[in-house]
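Nothing fancy with the numbering, it's 1 onward along the sequence.
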Amino acid sequence: MTGLDSRPAASSAALAGTVAVLVALGLGIAVGDPIVVLTGLVGGLCVAAGAWALRSDEHTRIAGGSVAIVVGAAVFCGTALLAGDYWSLAVALGFSLAATLVVTDASSGLVPPADGTDELSTALEENFVVLLVGIGVATACSIAAAIRLPWVLVRVVTGFSMHPLVGFVTLQAGVLLALLLLDRVTAVLESWIPAPTATTDRALDGLDLVGTSWWDIDLPVKVAVGLQLLVAVVPTAQGLFDRFLGTLPMLGPILRVALSGPLHLPLAVGLLALLGILVAEQLRQWLLQWLGDSPGRSLARQAGGIAVPVVLLLSALALTAAGVTRRVAPTFGEAGHYGTATVLLLGVLISVIVLRALSRILTGIARAELLSRRVTGFATGSALLFLTTLVAAERGLAPLFVLVGSAAALLVWDAGVHASSIGHQLGRDAETTDSEFVHVTGTAAVLAGAILLVMVVRYVLIPVAVPATSAGLSLSSVVALGLVLLAIAAFTLALNAHDEGPRTSSDGGERQSDPAASDGD
C-alpha cells in the first residue's frame, strides 16, 4: 500500500472492535443460547477477516479472504438453522452483525473511497455468480442421483434399436454432421496448441482435409439427405426397405442388425467428443471475458465460491460411495447427499445475497453523505448493538446488562469516531497514545458514572422515596431512565469535546516543554 494509510488509528480501532466483540458475546450468552451466539460471532469474524484479507495484493491472501467470507456466510446460515425461534435468531444475528461491522471498519474500512474499488462488494458479487453455477451442478447431480442416471444410460444403450431404414439415413446425417463439426474443431485445436510440432501439423492437416464446411457440401447431397430423413419415417418406405433386405440372404440379416443401432454407438461417441471440444472452447472464451484483465486476482476473489461447492459435492460423493445415509445427514428423496448439498448451497447463497445487500446499502448511505464514509461501520455497528440490547431486554436481560450494553454502544461509537479522525489526519500508524488514552478514559469514566447514577436511583433513591409502590416498578421504566441518562452523558461528551487535533506522543513533550508555543496556537 502506498501513501498515507488513512484507516482508523490502530489502538483505538482495536479497542472499539474488542469492546464490540466482548459485549456482543457476553450479552448474547446472557440472554440466548451460547451455541447460537458463538456460531454467529464466528461467522461474523470470518467475514471481517476476509474483508481485511481482500485489501492485499497477494493472490494467496485474497483467495483466503474469499474463502473466509463464504465460510462466514455459511456459518450465518448455520446460525439461522440452530436458532430455536425468531427472537433468538434476531439477538444472535444482531450482536454478530454489530461486531462484524465494527471489526471490519476498524481493520480494513467498511466503505472504500469514492475513487477506490469496493473489494468486499466485488468479492460477494463474483462469489454469488460462482455459487449459482455450483448450485446448478449440485442440482444436476441431485437429479442424476434421483433418476439413477447411470442405470438409465445402461438400459438406453443396451435397449437401443431402430428400424434399419431410419438407421441407414441417420448414419448418413451423423457422418455429415461430424464432418461439419470437424471443420470447426480443427481451428479450435490449432488455437489450443501453442507450439505445434511436425507430428501435430500433419495430424491437423489431415483433419482439415477431412473436415467440411456447410457451403462446401454440394446442394444435391443436402437435398438427398433431407429427403431421406422425411421418407425414412413413412411406413410404406420402411416396408419396401425390409423387402429389399429380405432379398439379400447373406447380407440382409447382417445389415439389419448393424443398421439398427450398433453402428450408431461409435458415431455418437465421436460426435460427443467433437461437441465437447466446442463447448470447452466456448467456456474458455467466457472465462477469459469473466476474469478480465487480471485473471489471477479475479480467480482469487472467487476462490470461496469455488471451494465450498467442490467440498460439499466431494463430501456427498464420498458419503454416497461409502453407503452412509441418514446416520450422518438427512437425504432428500432419491437425491441422496447431493440433495443435502444443494440445500446447503442455497442457504449459503441466501447469506451471500444478504451480506451483499447490506454492503451495498451502507455504501449507498456513505455515498449519499448521510454518514461519513470513515465511520459508517462504527456508527451502524454501535447502533445495531444498541438496538439488539433493547431486543435482549425484552427477552429478559438484566437491567444492569442493558445499561452496560447501551454504554458499550456509545463507547464503541466514540472510540471509532476518534480513531477514524486520527487515522484521517495523521495516518493509521501515528503515535497518538496519549490523546487516545485520555479520550477513551474520559468517555469510559463518564459512561461508568452514568451507569452508577442509574443504579443508585433505581436501588437506593426510589425504594427510599416511594417504599410502598417501588416493588411494582416496571423494569422498562428503569431501562428508559437509564437510556435518558446515557443520552445526557453522550450529549455532555459532545459538548466537552476539544477542538484541537489529536496530539502525537512526540508532540506531547514539545508542548509540555514550551507552554508559550501552546498559548500562541
Side-chain angles (χ1 to χ4, degrees), residues 1-9 12-13 16-17 20 44 47-57 62 65-66 68-70 72-73 76 93-94 96-129 292-294 297-298 301-302 304-305 349-388 409-410 412-428 494:
M1 185 174 181
T2 60
L4 180 67
D5 188 353
S6 60
R7 288 179 295 166
S12 291
V47 173
W52 170 78
L54 290 177
R55 290 177 55 90
S56 174
D57 292 330
I62 294 174
S66 174
I69 289 174
V70 177
F76 276 141
L93 289 183
S96 301
L97 286 176
T100 301
L101 293 174
V102 173
V103 173
T104 302
D105 218 2
S107 60
S108 57
L110 185 62
V111 180
D115 56 348
T117 303
D118 192 352
E119 294 288 347
L120 179 59
S121 295
T122 303
L124 289 172
E125 183 176 354
E126 293 185 357
N127 281 303
F128 165 78
V129 177
D293 297 332
S294 180
R297 189 178 184 88
S298 299
R301 281 199 300 259
Q302 301 164 22
L349 182 67
I350 293 173
S351 298
V352 169
I353 292 173
V354 172
L355 289 176
R356 179 190 176 197
L358 180 61
S359 176
R360 288 295 182 88
I361 290 173
L362 295 178
T363 302
I365 291 175
R367 296 284 190 264
E369 297 183 354
L370 299 177
L371 279 176
S372 173
R373 175 190 65 81
R374 298 188 299 273
V375 298
T376 301
F378 292 118
T380 309
S382 59
L384 188 57
L385 183 61
F386 176 78
L387 293 176
T388 309
L410 289 173
V412 167
W413 172 77
D414 184 73
V417 170
H418 187 64
S420 298
S421 176
I422 295 175
H424 178 64
Q425 298 178 36
L426 303 178
R428 181 175 178 84

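- Residues meeting the side chain to side chain contact (heavy atoms under 4.5 Å, CB included) test with Thr380, sequence neighbours left out: Leu101, Leu362, Leu371, Thr376.
- Remark: Thr104 engages no residue in a side-chain hydrogen bond (donor to acceptor under 3.5 Å, both in side chains) (not counting sequence neighbours).
- Partners of Val102 under the side chain to side chain contact (heavy atoms under 4.5 Å, CB included) rule, at least two apart in sequence or in another chain, are Ala16, Ala20, Phe378, Val412.
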For Arg373 and Thr363, what are the C-alpha separation, side-chain angles and deciding distance, and is it a side chain to side chain contact (heavy atoms under 4.5 Å, CB included)? CA-CA 8 Å; Arg373 175 190 65 81; Thr363 302; over 6 Å; no

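- A distance of 6.0 Å separates OG in Ser420 from CG in Asp105, rounded to the nearest 0.5 Å.
- Between Thr388 and Leu384 the shortest side-chain heavy-atom distance falls below 4.5 Å.
- Looking only at distances, a side-chain donor or acceptor of Asn127 sits under 3.5 Å from a matching main-chain atom of Ala123.
- Every residue meeting the side chain to side chain contact (heavy atoms under 4.5 Å, CB included) condition with Ser372, not counting sequence neighbours, appears here in chain and number order: Arg374, Val375.
- You'll find the side chain of Phe76 reaches within 4.5 Å of the side chain of Leu97, heavy atoms only.
- Partners of Glu126 by salt bridge (charged side-chain N to carboxylate O under 4.0 Å, His left out), not counting sequence neighbours, listed by chain and number: Arg301.
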Check: residues 352-361 side-chain donor-acceptor pairs under 3.5 Å, at least two apart:
unit_1, atom_1, unit_2, atom_2, d
Ser359, OG, Ser121, OG, 2.7
Arg360, NH2, Glu125, OE1, 3.1

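- Of all heavy-atom pairs between Gly305 and Ser66, the closest is N-OG, 4.5 Å.
- Remark: Arg367 pairs with no residue by the salt bridge (charged side-chain N to carboxylate O under 4.0 Å, His left out) rule, at least two apart or across chains.
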For Ile69 and Leu120: C-alpha separation, side-chain torsions, deciding distance, then whether side chain to side chain contact (heavy atoms under 4.5 Å, CB included) applies. CA-CA 9 Å; Ile69 289 174; Leu120 179 59; 3.6 Å; yes

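- Between Trp52 and Ser107, the shortest heavy-atom contact is CD1-O, 3.9 Å.
- The shortest heavy-atom contact between Ala53 and Gly65 is CB-CA, 3.6 Å.
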